[in-house]
Amino acid sequence: MNEPRPLQPAPMRTNDTATILTGTGLWVVALVVLLIVGTSPEHRWWIWTCVAGIGLGAFGCFYIWRRDRHSPAPDTRTSTDREEAAQGS
């Protein structure tokens, strides 16, 4: 016997740009701390890890900006508005 699937909730709206900028900012702070404190020669890769995190964060911001610019406008109508529009057609 097949049971009906429960209704899927609507996707949650999030601020992706703020999330990525927060993470990138933390990588910048880590890089500044490493540059002030200094690292031993065998731990120089820590600096490059921070640089990679900053670079990926910049790419993520560009990607999100481009995705949002090319996505269709969100449907702001409520479910009752959609039902009334369907009945009126």
Over all heavy atoms of both residues, which pair between Leu34 and Cys50 is shortest? Give the atoms and the distance, please. CD1-SG, 3.8 Å
How long is the straight-line distance from OH of Tyr63 back to CG of Asp16, given to the nearest 0.5 Å? 10.5 Å
Apply side-chain contact (heavy atoms from CB on, under 4.5 Å) to Ile47 and Leu31, showing your working. CA-CA 6 Å; Ile47 293 173; Leu31 178 63; 3.7 Å; yes
Could you grab the distance from atom CZ of Arg66 to atom CG of Asp68, nearest 0.5 Å is fine? 12.0 Å
If we only count heavy atoms from C-beta on, is the Thr39 to Trp45 side-chain gap below 4.5 Å? no
Are Trp27 and Leu35 in one and the same hydrophobic cluster, where Ile, Leu, Val, Met, Phe, Trp and Tyr link if side-chain heavy atoms are under 4.5 Å apart? yes
Quick one: pull up CG in Leu26 and CG in Leu21 and give me the separation to the nearest 0.5 Å. 11.0 Å
Establish whether Ile54 and Val51 are linked, either directly or via other cluster members, by ILVMFWY side-chain heavy-atom contacts under 4.5 Å. yes
So which heavy atom on Thr24 is nearest to which on Ala58, and how close? OG1-N, 4.4 Å
According to the interplanar angle, ranging from 0 to 90°, do the rings of Trp65 and Phe62 count as parallel (below 30°), tilted (30 to 60°) or perpendicular (above 60°)? tilted
So with a 6.0 Å cut-off around CZ of Arg69, is the heavy-atom count from everything else above 12? yes
